[in-house]
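Proteins come first, then strands; the chains are lettered A, B, ... in the order of their sequence lines, and each starts at number 1. Given the structure is predicted, the values throughout are model-derived calculations rather than measurements.
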Amino acid sequence: MSGVDAVIRFKDVTKTFKRPDGRGDFVAVDRLSFEIAKGEIVAVLGKTGCGKSTMFNIVAGLVQPSSGEAKVIGRDPFREFEFFRGKVGIVFQNDRLMPWRSALDNVRLGLQILDTDPMEAEDIARAWLKRLGLAGHDNDYPHALSGGMRQRVSIARAFAVNPEILLCDEPFSSLDEMTARDLRAEFVRLVRQSNKTAIFITHQINEAMEIGDRVMVFHRPARIAYEATLGAAVTEDARRGINEDIMRVLAVEQPR
Amino acid sequence: MTNSRTVRALQAAAGIIALAAGWQILSMVFPHYLFPPIREIIARTIEILITGSLLIDVLLTAGRIFGGLFGAFILGGILAMIIGQSRSAENFIAPVLTFFQGIPALSWVVFAIIWFHGIEFRVLFIMVMTTLPAFTFQILDAFRSMSKDLFEMTMAFRPSRWSLFRFLIVPTIVPGILTAWKVNLGNAARVVVVAELVGATGGVGYQLLRQQQLFDMAGAMAWTLQLVLFVLVVQQTIAAIENWALRYRAVSERAM
Ligand SMILES: Nc1ncnc2c1ncn2[C@@H]1O[C@H](COP(=O)(O)OP(=O)(O)OP(=O)(O)O)[C@@H](O)[C@H]1O
Ligand SMILES: [Mg+2]
């Protein structure tokens, strides 16, 4: 993969946060470098608090790197605000639904921001709710939905704008295994079908290996501790080896 | 639901009836020019409501209250948005508002008489100046209580300023605005009669002054009740709007 056609590129990205008690800085991301090519699905694994969501927020342009360079489609996601309109869809770790909007209106939010024709936006939003098994809940307010249903509404909201890049932070973590499995398959199908690029954060090694073309395991603070490319060519034996490697890498790290 | 509503209404009525009963007893002990009987007060109150030339005074005062509140709301909203976006604007404006908060309504009356000629403009000025600080601070608080999660979620779609205002800021501050209206309505109803001392030749304040000159207690009560009734009706209207606008809110089945 050459640097030119990388859709997401991190070069020595570091993010430090001020400690609230003023005892110096806290390093959340530590000289993180990686590249993600167009059409690739990259699964990110790492222990809790290792900086996965922080990396994610940098890609989303919500957090500015303290040093290093983060580029998305060749641009600075923090500085270039309008360029990214409609290009990135995000499923956050928590559902972040607007409590005053119905399920349908929550899914419609991104389309409204993109000035999509209202009738068309409604049709798209309805179709997405249906696809995620929420038909009949269009007019429910978030407080009347279960945690898993809310999470699915937020997935629909991210997909509805048909973004080039999808960022998903543990999107299926609050779903039962059966539903999660169906959605994982659907997710991969959707991303492949429209040749999207996706970063998928998860805590489950199985899920990472099922979804990812590539798996990155983060060190704590965030830096690549291990990386493996998966795909049809990788044999069952090799997959088992990778699985064991990942477990070993995750086990080595001491909580701080 | 309907049941608890009926109970609430009965309790509210019981309080008022007890107050009226107390007054009635006083009217039996003291001469009527000090404590006129309830029947007479009610008759005078109704007389005002059905006599066009008197009702005009009530409507005039109501208009002044609304005019003042509306002016303070618009100005306060603009100030709150400016303060909310810039620290230095806050440092500049907030102390001035706090300073204004300490100025008694009567002082504004004196200033208005000295500075301006038109009666209506004087009243409007006094109403706006006395309610502006509270309005501004309340809208500002509502603005500041905006969820960071929802803000970042919305910003990730890269909205225009107008979209951000429409889809996030307005729904966020609506509950605070409604509360501010309820609180300031009571203040304004009390200030308006003082404001009408600037030489108004009509309005509840003017009528109250006349009753004092006539030494007519029943009349004074009847005119006072007009204001109380007005506040009551408007409060109920705002409460109804609140119920509708905030219908998305989850209510716990558990009582406190
Ligand atoms: N805004 C912030 N201010 C201060 N510290 C922060 C901030 N955001 C994150 N951190 C810290 O950075 C570290 C990494 O957080 P992050 O949310 O990226 O972890 P994560 O890998 O997503 O964890 P999890 O798997 O539990 O979601 C944590 O120790 C966290 O306390
Ligand atoms: Mg996280």
Side-chain angles (χ1 to χ4, degrees), chain A residues 53-54 56-63 72 75 77-103 105-116 139-145 150 153-154 157-158 160-161 163 165-167 169, chain B residues 1 77 81 84-87 138-139 141-182 238-256:
Chain A
S53 296
T54 306
F56 189 91
N57 284 334
I58 293 172
V59 178
L62 298 171
V63 162
V72 178
R75 312 253 192 152
F78 192 85
R79 292 236 175 76
E80 300 207 30
F81 190 78
E82 305 219 338
F83 172 77
F84 288 97
R85 187 170 296 158
K87 290 199 171 60
V88 184
I90 305 182
V91 183
F92 290 92
Q93 193 163 3
N94 46 2
D95 56 70
R96 303 198 185 185
L97 299 183
M98 292 178 160
W100 57 84
R101 284 181 168 236
S102 65
D105 288 343
N106 264 292
V107 177
R108 215 156 50 167
L109 176 71
L111 297 162
Q112 286 179 307
I113 289 173
L114 292 181
D115 272 329
T116 311
N139 297 321
D140 288 358
Y141 285 108
H143 76 78
L145 299 171
R150 281 201 292 269
V153 174
S154 84
R157 179 179 62 196
V161 294
I165 298 171
L166 270 164
L167 306 176
D169 197 346
Chain B
M1 191 71 200
M81 289 300 130
Q85 287 177 38
S86 137
R87 272 280 149 204
Q138 278 153 355
I139 297 175
D141 272 351
F143 181 69
R144 290 245 164 95
S145 70
M146 183 160 66
S147 142
K148 172 177 173 272
D149 275 6
L150 287 185
F151 174 72
E152 293 192 340
M153 182 279 293
T154 309
M155 289 308 271
F157 282 114
R158 316 281 166 149
S160 63
R161 283 183 93 74
W162 169 237
S163 291
L164 182 70
F165 182 73
R166 205 153 60 107
F167 300 137
L168 182 67
I169 296 177
V170 170
T172 299
I173 62 177
V174 159
I177 287 178
L178 289 169
T179 307
W181 269 91
K182 280 200 285 192
I238 297 176
I241 295 173
E242 212 166 30
N243 272 335
W244 174 80
L246 307 184
R247 65 195 177 285
Y248 61 82
R249 284 192 170 171
V251 182
S252 176
E253 287 184 15
R254 189 84 194 82
M256 283 232 207

- Is the closest basic N to carboxylate O distance between B/Arg144 and B/Asp141 below 4.0 Å?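 Salt bridge: no.
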- Message: Heavy-atom pairs under 4.5 Å with chain B: which of A/Pro77, A/Ser154, A/Gly89 has the most?
- Response: A/Pro77
- Message: As an exercise: rank A/Lys87, A/Arg157, A/Arg101 by heavy-atom pairs under 4.5 Å with chain B and give me the winner.
- Response: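 With the most close heavy-atom pairs to chain B, the winner is A/Arg157.
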- Message: Keeping A/Asn106 on the side-chain end and A/Met98 on the backbone end, is there a donor-acceptor pair under 3.5 Å?
- Response: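 Looks like yes, one N/O pair under 3.5 Å.
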- Backbone N/O of A/Glu82 and side chain of A/Arg85: donor-acceptor pair under 3.5 Å: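 Not a single qualifying donor-acceptor pair exists.
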Heavy-atom contact with chain B under 4.5 Å, split by part of [X]:
| X | result |
| --- | --- |
| A/Gln93 | neither |
| A/Asp105 | neither |
| A/Phe92 | side chain |
| A/Leu97 | backbone |

For [X], is it the side chain, the backbone, both, or neither that has a heavy atom closer than 4.5 Å to a heavy atom of chain A?
| X | result |
| --- | --- |
| B/Leu168 | both |
| B/Thr154 | both |
| B/Arg166 | neither |

- Spacing of CZ belonging to A/Arg96 relative to CZ belonging to A/Arg150, to within rounding of 0.5 Å: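 Taking CZ in A/Arg96 and CZ in A/Arg150, the distance rounds to 14.0 Å.
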- Task: Any chance you could lay out the side-chain contact (heavy atoms from CB on, under 4.5 Å) test for A/Phe56 and A/Ile90, step after step, and finish with the verdict?
- Result: CA-CA 9 Å; A/Phe56 189 91; A/Ile90 305 182; 3.4 Å; yes
- Query: What orientation do B/Tyr248 and A/Trp100 show, parallel under 30°, tilted 30 to 60°, or perpendicular over 60°?
  - Reply: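 The rings of B/Tyr248 and A/Trp100 stand perpendicular, inter-plane angle above 60°.
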- In sequence, state the C-alpha distance, the side-chain angles, and the governing distance for B/Leu178 and B/Ile241, and then conclude on side-chain contact (heavy atoms from CB on, under 4.5 Å). CA-CA 8 Å; B/Leu178 289 169; B/Ile241 295 173; 4.1 Å; yes
